[in-house]
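In each ligand, atom 1 is the first atom listed, and ligand 1 is the first ligand listed.
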Amino acid sequence: MLNVGVIGCGAIGREHIARLSGVISGTKVVAVSDVFEESAQQAAALCNAKVYKTGAELIADPQVDAVVVTSPGFAHAESVLQAVQAGKKVFCEKPLATTAAQCREIVEAEMAAGQHLVQVGFMRRYDSGYRQVKEVIDARELGAPLLVHCTHRNPDVAADYSTEMAVHDTAIHEIDCLHWLIDDEYESVQVMMPKITSNAHEGLQDPQLMLLRTKGGICISLEVFVSCQFGYDINCEVVCETGTVKLPSLPTPIIRKEGRVSEGIEMNWKNRFIAAYDVELQDWADHAQKGMVKGPTAWDGYIASVTADALVKSQKTGAIEPVVMEPIPDFYK
Ligand code: NAI
Ligand code: ISE
């Protein structure tokens, strides 16, 4: 049994607590913490766990074998570093941290610990749709990939969601998933700012058009539109030399009525990727029990964050910004 402590008991924290308590085999949530004690108390009631005032106290509990970090992105680095320094396995929701410098610190700490401890919650790598698209690309049935078109649309976002979060909270999913999908590295990025929707909250630039070029010359367009109102709409089409491959539609009924054909769109991330979260956390738990990390590593978190930093820079300059990162250490090869 893997005894897990969860830091951050908000939306996905509670989802993962329920998952680790009732869906994933071989795990038990034994401790929770949140800066708002009431949130921690409510979460603890779901799983009969101890409540800690701080993440540091939770990590220090000898009963906690492994830590799940589901606090907001800006708070991840502190908890992940504490868990690594304590030699505990840690599953950290995306992003690993909100700057490449913090991710680098985590990478250094993990290498100093001499063991792989960190997995990042890039769950799209576990989604059956993305996996099917990757199989087609890898089999080279359609020749080499040339272009990728993506949309990442949310119906709305909280009032504290900022223009920069469109990169390190939202686009970070595509940043990780796409280079894995097409097996290439990013060379440069640019952000273009279209007309702002009247549905964006004050101060938020929404939508945004992000352009990424890989070292192999593949061009990616990513529309991030987080106040789109109509659904949680994730699309991805890879254009190859002799055909295209697209993320499958959701299995919803197609209705013909009154001269129109319609099908459903998910309204939130919880349902859209529910199966992927289950597979991801089961895989994490199975490997954590064997002292291993098989999913996205701290180095993957670093790669995503270097790319995100370049996109954030381009949000301000409007220019094409280079993506420059350190060479991969042997530890992560
Ligand atoms: P949320 O705002 O609903 O919950 C965050 C919780 O953390 C709150 O209860 C807050 O009180 C608590 N908190 C804040 N600072 C803390 C600290 N220093 N230590 C402990 N707790 C702290 O946010 P949500 O939506 O649950 O997101 C949490 C993380 O999960 C974010 O990194 C987000 O990007 C990620 N996420 C990932 C998703 C995915 O599809 N993989 C989907 C949704 C969120
Ligand atoms: C949220 O944190 C997620 O991870 C969702 O998957 C994403 O669609 C949303 O934009 C983020 O805020």
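- Residue-level proximity to ligand 2 for His173 is carried by the side chain, the only part with a heavy atom below 4.0 angstrom.
- Close contacts between ligand 2 and Thr170 involve ligand atoms 9 (C), 10 (O), 11 (C), 12 (O) [criterion: under 4.0 Å to a heavy atom].
- Every atom of ligand 1 with a heavy atom of His76 under 4.0 Å away is listed here by number and element: 32 (O).
- Trp299 and Tyr302 have tilted rings, their planes meeting at an angle from 30° to 60° on a 0 to 90° scale.
- Protein heavy atom nearest atom 40 (O) of ligand 1, with residue, atom name and distance: Tyr277 OH, 2.6 Å.
- Counting protein heavy atoms only, atom 7 (O) of ligand 1 is closest to Pro72 CD, 3.4 Å.
- Ligand 1 has no nitrogen or oxygen under 3.5 angstrom from a nitrogen or oxygen of Ser33.
- Remark: minimum distance from atom 23 (O) of ligand 1 to any protein heavy atom is reached at Ala11 N, 4.5 Å.
- When His168, Glu93, Arg124, His152 are checked for heavy-atom proximity to atom 8 (O) of ligand 2, His152 turns out nearest.
- Of all the atoms in ligand 1, the ones that sit under 4.0 Å from a non-hydrogen atom of Gly8 are 7 (O), 21 (N).
- Within the 4.0 Å heavy-atom criterion, neither part of Phe273 lies near ligand 1.
- Against a heavy-atom cut-off of under 4.0 Å, Lys94 is close to the following atoms of ligand 2: 1 (C), 2 (O), 3 (C), 4 (O).
- The single protein non-hydrogen atom nearest to atom 29 (C) of ligand 1 is Ser71 O, 3.3 Å, given as residue, atom name and distance.
- Every atom of ligand 1 is numbered from 1 in the order shown, and the set under 4.0 Å from a heavy atom of Ala75 is 18 (N).
- The nearest protein atom to atom 4 (O) of ligand 1, hydrogens excluded, is given as Gly10 CA, 3.2 Å; this is a heavy-atom distance.
- Close contacts between ligand 1 and Asp169 involve ligand atoms 33 (C), 34 (O) [criterion: under 4.0 Å to a heavy atom].
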